[in-house]
Amino acid sequence: MARPRYPKSSGPLPPPLPPLTRTVGQLVAETLKIYGEHWQAALVIGLPPALLSAFAAGFSRDQTLTIVPFAGAVATTASFVIASAVVNGVSLRSRGTLPAAIVGVLIYFPFPLLVTAFVLPGLAWFALIGLAVPAAVAEGLGVRDALRRGLALGRADYIHALGGLATLVMLVAVTQVAASLLLQGFADNSARAAAFLAGLVLSPVVFFGAALLYVDQAARVGTTREQRDAARLAPREPA
């Protein structure tokens, strides 16, 4: 039986699109690339949500509604601030770190209530203003200026922001559930241990992706849809 023949590549692959015209699919690809380049930082980023997931696995409904909003605000904000610093090449000792932490906690508080109704309202809220956290880190902004900047970033290309976040969350959620079930079934792990391991490895993808989304939206501020479409259709030079 003859072997199938595949066409040879005629040259190097074209370079990825710049942040101004980056698609959701390329956002995910670049996020995974950043994860691979900074896997040690990714383990630190994944630790707070992993610990929260492990403890929350044994909570009752009342305990979840009482504890998770406060613990989640701290855990999520810590991971997001670190990821924002890594993606933007900024030190955690920069002046924007503390305002970013305050902004992250403030933005997170409505999130559990919105997610309780349905996950999309929570993502819609975060896409609108959540990029204030990486903005504070990267630009050294105070709390008030960071919130204004986050709103401007979210509105620059809201469809891209919401679509990017939704894709990242769905990717991680499905993979995390599958990994947790596999860990419980084949490695004789408890539910808490499985939730911890899955959260430790997979949750950094969301934080890296959200921090990279800030770069995309910052490039889109002040541009119209027509300008972005024209830039996307422009020919690219080969790498």
Side-chain angles (χ1 to χ4, degrees), residues 6-46 49-50 76 79-90 119-120 122-124 126-128 130-131 133-135 137-138 150 153-154 156-180 182 197-221 223 225 227-239:
Y6 301 97
K8 295 182 179 181
S9 174
S10 59
L13 293 174
L17 288 171
L20 176 63
T21 56
R22 184 152 46 202
T23 63
V24 171
Q26 289 176 327
L27 173 70
V28 174
E30 290 298 312
T31 298
L32 297 178
K33 180 180 178 182
I34 292 173
Y35 187 108
E37 294 173 349
H38 302 280
W39 64 268
Q40 292 175 317
L43 295 179
V44 177
I45 293 167
T76 302
S79 296
F80 197 16
V81 169
I82 297 172
S84 299
V86 171
V87 170
N88 291 282
V90 178
V119 69
L120 188 57
L123 292 178
F126 191 84
L128 181 63
L131 298 182
V133 174
V137 173
L153 291 168
D157 189 351
Y158 185 71
I159 299 300
H160 179 70
L162 181 58
L165 286 173
T167 302
L168 290 166
V169 169
M170 286 190 293
L171 173 66
V172 170
V174 172
T175 309
Q176 189 165 342
V177 170
S180 181
L182 287 173
L197 292 173
L200 180 68
V201 175
L202 297 172
S203 64
V205 173
V206 174
F207 297 109
F208 277 140
L212 186 61
L213 187 59
Y214 154 78
V215 179
D216 288 5
Q217 294 296 95
R220 287 164 160 81
V221 170
T223 63
R225 182 180 296 274
Q227 289 172 324
R228 292 193 295 271
D229 291 342
R232 186 177 293 113
L233 295 174
R236 288 179 287 166
E237 296 294 331

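As the structure is a computational prediction, the values presented were derived from the model and not from experiment.
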Closest heavy-atom pair and its distance - Leu153, Leu131
CD1-O, 3.9 Å
Let me confirm one number: the CG-OG1 distance from Leu212 to Thr31, rounded to the nearest 0.5 Å.
5.0 Å
In this structure, is the centre-to-centre distance between the rings of Phe80 and Phe126 below 6.0 Å?
yes
Output yes when a side-chain donor or acceptor of Tyr158 lies under 3.5 Å from a complementary backbone atom of Ala124, and no otherwise.
yes
To check you understand the geometry: which heavy-atom pair defines the closest contact between Thr175 and Leu171, and what is its length?
OG1-O, 2.7 Å
If you measure from CD on Glu30 to CG on Asp216, what distance do you get to the nearest 0.5 Å?
9.5 Å
Calculate, to the nearest 0.5 Å, the distance between atoms CD1 and NE2 belonging to Ile45 and His38 respectively.
9.0 Å
Between atom CZ of Arg220 and atom OG1 of Thr21, what is the distance when rounded to the nearest 0.5 Å?
7.0 Å
How many angstroms lie between CZ in Phe208 and CG in Leu168, if you round to the nearest 0.5 Å?
12.5 Å
Can you see which heavy atom on Gly163 is nearest to which on Thr167, and at what distance?
O-OG1, 2.8 Å
So, for Gly130 and Pro134, which heavy atoms are closest and what is the spacing to 0.1 Å?
O-CD, 3.8 Å
Does the side chain of His160 come within less than 4.5 Å of Thr23's, by heavy atoms?
no
Indicate the atoms forming the closest heavy-atom contact of Ala161 with Gln217, along with that distance.
CB-NE2, 3.8 Å
Under a 4.5 Å cut-off applied to non-hydrogen side-chain atoms, are Tyr214 and Val137 in contact?
no
Would you indicate whether the side-chain heavy atoms of Pro49 and Phe207 approach each other to under 4.5 Å?
yes
Distance check, rounded to the nearest 0.5 Å: Leu213 atom CG versus Arg22 atom CZ?
9.0 Å
Over all heavy atoms of both residues, which pair between Ala42 and Pro204 is shortest? Give the atoms and the distance, please.
O-CG, 3.0 Å
